[in-house]
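Numbers for residues simply follow the sequence, beginning at 1.
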Amino acid sequence: MNILGISGSLRQASFNTALLHAAQELAPAGMNIVIHRLHDLPLFDQDVEEQGDPAPVTAFKSAIDNADGILVACPEYNGGITGVLKNAVDWASRIGKWRQAAALSGKMVCIVGASPGITGTVRAQDQLRLVLRRAGARTEPQGDVLVFQAHTKIIEGRLADERTREALGRHLQAFADRLTAAATEL
């Protein structure tokens, strides 16, 4: 089971990227999580798209195409999703010049998030679910992983809090189970 991990933060010491690294460690047997960085994606521009997707966009859409599911680590900035994450969804929601369907169309997405605040990333995750559903992705309820006060749980880039590690492991197992069930439904 190949999972594409996406962090909605570009920060080198990002709590959300650290959460993806923890997910790689805690993934259930048979689940492989590969992290795709969003640093090179240009801002969405339909004029650019009409000339053909830039190479970073093509690589991003191909990574989505080749994944069985997507794991998004969603930060919360000013009560919402980050611009970089919204931009990535915008690119992946487009059919583009040479595609039959948008990369996100029908893809199962699992969302987690970490924030220094006391509510974790609940508002951003809700917004992201709406945007992803509009883009054609599947975000069935799988429970929430809302890592609040992340600065006390992610130490030197590592998820150190055992209760949070256990919750993330259970969440990933539920995602794997849902992906397996969805594959048998086809």
Side-chain angles (χ1 to χ4, degrees), residues 1-21 23-24 27 30-115 121 123-140 142 172 175-176 178-180 182-183 185-186:
M1 184 176 301
N2 294 313
I3 304 300
L4 181 66
I6 300 169
S7 174
S9 173
L10 301 180
R11 191 169 66 93
Q12 186 173 358
S14 164
F15 294 131
N16 286 279
T17 302
L19 199 55
L20 287 179
H21 288 294
Q24 287 177 314
M31 179 184 277
N32 180 44
I33 300 171
V34 174
I35 299 172
H36 186 94
R37 295 169 41 108
L38 301 178
H39 292 69
D40 296 331
L41 280 185
L43 290 175
F44 177 76
D45 180 337
Q46 192 170 351
D47 292 336
V48 171
E49 179 192 38
E50 287 174 359
Q51 296 173 27
D53 287 342
V57 173
T58 300
F60 180 54
K61 288 180 179 182
S62 292
I64 293 171
D65 289 339
N66 294 324
D68 298 310
I70 302 169
L71 174 64
V72 178
C74 177
E76 184 169 296
Y77 292 0
N78 297 317
I81 63 175
T82 63
V84 69
L85 190 50
K86 176 64 167 72
N87 184 58
V89 171
D90 287 346
W91 275 113
S93 71
R94 305 289 291 189
I95 294 174
K97 226 174 183 177
W98 311 108
R99 299 179 60 85
Q100 297 294 325
L104 285 173
S105 183
K107 283 290 178 179
M108 180 103 44
V109 181
C110 177
I111 304 170
V112 297
S115 170
T121 59
R123 292 174 297 237
Q125 287 191 33
D126 286 344
Q127 287 179 8
L128 182 58
R129 279 186 191 88
L130 290 172
V131 171
L132 286 168
R133 286 185 191 130
R134 179 62 59 110
R138 297 171 60 185
T139 61
E140 288 92 9
Q142 301 154 0
L172 293 169
F175 184 44
R178 186 64 194 113
L179 283 168
T180 301
E185 292 170 4
L186 298 176

Trainee: Find the distance between CG (L38) and OG (S7) and round it off to the nearest 0.5 Å.
Mentor: 7.5 Å
Trainee: Please evaluate residues Q24 and M31 with respect to the criterion side-chain contact (heavy atoms from CB on, under 4.5 Å), reporting the C-alpha separation (whole Å), side-chain torsions for both, the decisive distance (0.1 Å), and the verdict.
Mentor: CA-CA 9 Å; Q24 287 177 314; M31 179 184 277; over 6 Å; no
Trainee: For a 4.5 angstrom cut-off between non-hydrogen side-chain atoms, does V112 reach L71?
Mentor: yes
Trainee: Exactly one of V109, T82, I111 should register a side chain to side chain contact (heavy atoms under 4.5 Å, CB included) with L128. Which one does?
Mentor: I111
Trainee: Is it true that a side-chain atom of S14 and a backbone atom of L10 form a donor plus acceptor pair closer than 3.5 Å?
Mentor: no
Trainee: How far apart are the closest heavy atoms of T17 and S9, and which atoms are they?
Mentor: OG1-O, 4.0 Å
Trainee: Check step by step if side-chain contact (heavy atoms from CB on, under 4.5 Å) holds for I35 and H21.
Mentor: CA-CA 8 Å; I35 299 172; H21 288 294; 3.6 Å; yes
Trainee: How far apart are the closest heavy atoms of A135 and V89, and which atoms are they?
Mentor: CB-CG1, 4.2 Å
Trainee: Any sub-3.5 Å donor-acceptor pair from K61's side-chain atoms to S93's backbone N or O?
Mentor: no
Trainee: For residues P54 and V48, determine if any side-chain heavy atom of one lies less than 4.5 Å from a side-chain heavy atom of the other.
Mentor: yes
Trainee: Let me confirm one number: the CD1-CG distance from I70 to L104, rounded to the nearest 0.5 Å.
Mentor: 5.0 Å
Trainee: Using every non-hydrogen atom in the two residues, find where I64 and A92 come nearest and quote the distance to one decimal.
Mentor: CD1-CB, 3.6 Å
Trainee: Can you find a side-chain donor-acceptor pair between T139 and R129 that sits under 3.5 Å?
Mentor: no
Trainee: Check whether any side-chain heavy atom of I81 sits under 4.5 Å from a side-chain heavy atom of R123, and report yes or no.
Mentor: no
Trainee: Do the side chains of M1 and N32 get nearer than 4.5 Å, heavy atoms only?
Mentor: no
Trainee: Identify the heavy atoms of I33 and A27 that sit nearest to each other, and give their distance.
Mentor: CD1-CB, 4.0 Å
Trainee: Without swapping roles, check the side chain of N87 against the backbone of G83 for a donor-acceptor pair under 3.5 Å.
Mentor: no
Trainee: Supply the atom-to-atom distance L4 CG to N66 CG, rounded to the nearest 0.5 angstrom.
Mentor: 9.5 Å
Trainee: Please name the pair of heavy atoms, one in G80 and one in Q127, separated by the smallest distance, quoted to 0.1 Å.
Mentor: CA-OE1, 3.1 Å
Trainee: Take R94 and E49, measure what side-chain contact (heavy atoms from CB on, under 4.5 Å) needs, and give me the verdict at the end.
Mentor: CA-CA 9 Å; R94 305 289 291 189; E49 179 192 38; 2.9 Å; yes
Trainee: Going from NZ on K107 to CZ on R138, what distance comes out if it is rounded to the nearest 0.5 angstrom?
Mentor: 11.0 Å
Trainee: Between G8 and L85, what is the shortest heavy-atom contact and its length?
Mentor: CA-CB, 4.0 Å
Trainee: Would you call the rings of F60 and H36 parallel, tilted or perpendicular, taking 30° and 60° as the class edges?
Mentor: tilted
Trainee: Under 3.5 Å, is there a donor-acceptor pair between the side chain of R37 and the main chain of H39?
Mentor: no
Trainee: Looking at D68 and N2, would you say the former's side chain and the latter's main chain have a donor-acceptor pair under 3.5 Å?
Mentor: yes
Trainee: Looking at side-chain heavy atoms only, is the closest gap between W91 and P56 below 4.5 Å?
Mentor: no
Trainee: Within the 4.5 Å heavy-atom criterion, are I6 and L20 side-chain neighbours or not?
Mentor: no
Trainee: Between S105 and A101 (side chain of the first, backbone of the second, donor and acceptor by atom type, cut-off under 3.5 Å), is there such a pair?
Mentor: no
Trainee: Any Lys/Arg nitrogen of D90 or K86 sitting under 4.0 Å from an Asp/Glu carboxylate oxygen of the other?
Mentor: yes
Trainee: Are any of the side-chain heavy atoms of F44 and V57 separated by less than 4.5 Å?
Mentor: no
